[in-house]
Amino acid sequence: MSLENNAAAAPAAPSDFIRDIVAAHVGEHKYPRIHTRFPPEPNGYLHIGHAKSICLNFGIAREFGGICNLRMDDTNPTKEDIEYVESIQADVNWLIGGWAEDRLGLKPHGKTPETKTGEGKNDFFLPPVFGTSENERKHSDVKLEPFYASDYFDQIYEYAVELIKRGKAFVCDMTPDQTDEYRRNGKASPFRDRSVAENLDWFTRMKNGEFADGTRVLRAKIQVDAANVWLRDPLLYRIKHADHHQTGGKWCIYPMYDFAHCLSDYVEGITHSICTLEFEVHRPLYDWILESLDLPRPLPHQYEFARLSLNYTIMSKRKLMQLVQENLVTGWDDPRMPTISGIRRRGVTPEALRNFAYNIGITKYNGLTDVSVLEYAIRDDLNKRSLRRLAVLRPIKVVITNYPAGQVEELNATNNPEQPETGWRKIPFSRELFIERDDFAEVPPPKFFRLKPGGEVRLKYAYIIKCEEVIKDAAGNIAELRCTADLDSKTGGATSARKVKGTIHWVSAAHCVDVEVRLYDRLFTEAEPEKDGRDFKSVLNPHSLEVVTAKCEPSLKDASAETRYQFERLAYFALDLDSRPGRLVFNRTITLKDAWAKEAKK
RNA sequence: UGCCCGAUGGUGUAACGGUAGCACAGCAGACUCUGAAUCUGUUUGUCGUGGUUCAAAUCCACGUCGGGCAACCA
């Protein structure tokens, strides 16, 4: 096969402005190796917006033979928690598993940067361990863990001291309000011209815990009236007498994001530091800090792209936390949540999420992506992989009056028409069945080609039946349908080729199993829940979860958590972790496209 | 208000001075023992005004609109 053919056969390689930059750097051998990082703050669960970033950063590492470090950006102990550290690791492993897990940069447990001394000052470097799968890591003697910005608190502190010595940082005693006001007005702090010795002394005393929270900060000395406010002598360190989930009580001063982030990137040898657009105005500060320290190794650079916005959902961690804390959902992993753990629990696969990330692309334009793009990626993936099964969500009883009582036939049903190699299974047929309530209409609307009085319909994999009689209870509700079957119409039978317009699904009443089915729908009724400042809680969808007891074909008793199912003509489903033996719970991942629903509306 | 960034069909994106393409959505049809999938066709677009050029979505200027930042959060 020629190279051209190969290229044509392979899925198109992702291309975007960041990858173009990286490709150019690779072309000119600018770095020995491409090194990205994914640096979440462990103050909440990861959501689909983070998934976009993970796919970008690990995708680049994968495509250019590089590495992507997982790093906890944990510089604010009062907002962070070990629960989030753990969920982040699980979500990242799940999303990159089997795809880029060999590009995941981790470090040996407890390891901190190596120090190299030269020209009278220290250089710090913490190389990654990579190239192992999650499974290999689990069975290895060396316990690996993510990187933590908190691992560099000693080094970051030393860099702060160095900045002071260079006359580029000072301790400021103003109150937060004063600082605010001075910065807004471009006025210099009265403490700006303290001597190096003085600053060193104050900063040491800050570290030693002599002062209360908020009474002093370390600030960079850049330009008090800079047009870019992030250059107006920004804060580098603040006092917080708080225990840290990683460093415990060791510190009472913590570096600010801007100071810690660029230096963490440097210490890890990151080449391309990719973040979202709101950090664009911070880039001059990112560069200023690294350049002011006159560091010996190549410096990392920051690149920004637009964060993901999806309609019919919200993405802010703070607001997602509100949903959790106010019990508007069952938890961070509620299948209605846009969190990675919620999406996973819903039954979406990592491949589907990655395809979605690939399809939406990377730009600097802040758009609003239609959820239908996500839904398409999910359906496309599930259509190819899911096992077909018959299940009735809202049953109505059918009796085949010309079918012998007590007789049972085992009929062949295909597992997945998209993948014939998945074979067939048997499903039992008998005189009494359940069909879907929506598949019968006493007064059929136009173009309704399902079951109606006197009408015929194909029972999937079984016979063509005709509705002879509608039996109602005292209240006038339909209790039972009495039908006759064309007993020659079974697959392979004499009249099996007869054309009937509709085919419906069914289960045998005597053989079916009851399962709990959770029917999820979008969490919000409005495309833009927060449009014009409206409270997102006022547009929560009251029908985002409906629970029914469904009747399933017996093979579903052996359902596994890894397998995805399509209940034919309805939707895709996955086993929920609430399932117990004999008490299965299925989550509806996503419905099938429903052309009839659209037609019926007309 | 200052600074930064952006603008291509309904939505998301491609075109890197040379035929505006793709995906989703929509619409119409074919096929169908899933009203799914698949297949075919199709509606809709370069924010505006100037300029440079043989040629502008692309380069330049001005304007318009949108977003971000102005936390001892990240």
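Below, each value reflects all heavy atoms present in this structure, side chains not excepted, and no hydrogens, waters or symmetry copies. Throughout, protein chains are lettered first and strands after them, A, B, ... in sequence-line order, and every chain is numbered starting at 1.
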Quiz item: Is the ring centre of Trp596(A) under 5.5 Å from the base ring centre of G35(B), and are the two planes under 30° apart, so that they stack?
Solution: yes
Exercise. Assign Tyr254(A) to base, sugar-phosphate, or nothing according to its heavy-atom contacts below 4.0 angstrom with the strands shown.
Key: nothing
Practice problem: Could you check whether Ile464(A) gets within reach of a base, just the sugar-phosphate, or nothing at all, counting any heavy atom under 4.0 Å? | Solution: nothing
With 3.5 Å as the limit, what N/O pairs link the protein to nucleotides 21-24 of chain B?
residue: C24(B); atom: OP1; partner: Tyr376(A); partner atom: OH; Å: 3.1
residue: C24(B); atom: O2'; partner: Ser372(A); partner atom: OG; Å: 2.9

Self-check item: Reading 5' to 3' through nucleotides 56-64 of chain B, protein heavy-atom contacts under 4.0 Å coded B for base, S for sugar-phosphate only, - for none
Solution: ---------
Quiz item: Base, sugar-phosphate, or nothing: which does Lys593(A) touch, judged by heavy atoms less than 4.0 Å apart?
Solution: sugar-phosphate
Exercise. For Tyr237(A), check side-chain hydrogen bond (donor to acceptor under 3.5 Å, both in side chains) against everything at least two apart and list the hits.
Key: none
Exercise. Would you kindly compare Thr503(A) and Thr369(A) by the position of their nearest RNA chain B nucleotide and give the one closer to the 5′ end?
Key: Thr369(A)
Quiz item: Within the structure shown, what part of the strands sits under 4.0 Å from Lys598(A) by heavy-atom distance: base, sugar-phosphate, or nothing?
Solution: sugar-phosphate
Self-check item: Distance-only donor-acceptor check, side chains Glu280(A) and Tyr303(A), under 3.5 Å
Solution: no
Exercise. Can you tell me which stems RNA chain B forms, taking runs of 3 or more consecutive Watson-Crick or G-U pairs with both distances under 3.5 Å?
Key: B:1-7 with B:64-70, B:10-13 with B:21-24, B:26-30 with B:38-42, B:47-51 with B:59-63
Quiz item: At under 4.0 Å between heavy atoms, what does Lys499(A) touch on the DNA or RNA strands: base, sugar-phosphate, or nothing?
Solution: sugar-phosphate
Quiz prompt | Sequence-distant partners of Tyr152(A), ring pair (Phe, Tyr, Trp, His ring centres under 6.0 Å), two or more places apart | solution = none
Self-check item: Separation between the P atoms of C16(B) and G21(B), rounded to whole Å
Solution: 14 Å
Practice problem: Heavy atoms under 4.0 Å is the rule here; annotate nucleotides 67-74 of chain B 5' to 3' with B where the base is hit, S where only the sugar-phosphate is, and - elsewhere. | Solution: SBSSSBSB
Quiz prompt | Base G35(B) paired with Arg450(A) side chain (donor-acceptor, <3.5 Å) | solution = yes
Self-check item: Residue mapping more 5' on RNA chain B - nearest nucleotide basis, Lys501(A) or Gly361(A)
Solution: Gly361(A)
Practice problem: Would you indicate what Phe259(A) reaches in the nucleic acid, counting non-hydrogen atoms under 4.0 angstrom: base, sugar-phosphate, or nothing? | Solution: nothing
Quiz item: Checking all strands, does Glu375(A) fall into the base, sugar-phosphate, or nothing category for heavy-atom contacts under 4.0 angstrom?
Solution: nothing
Practice problem: Using the P atom as the reference point in each nucleotide, state the distance between G41(B) and C22(B) in Å, no decimals. | Solution: 11 Å
Self-check item: Nearest listed nucleotide, side chain of Glu418(A), among G26(B), A37(B), G35(B)
Solution: A37(B)
Self-check item: C1'-based separation of U32(B) from U40(B) [nearest Å]
Solution: 15 Å
Practice problem: Look at all strands and tell whether Leu592(A) reaches a base, only sugar-phosphate, or nothing, counting heavy atoms closer than 4.0 Å. | Solution: base
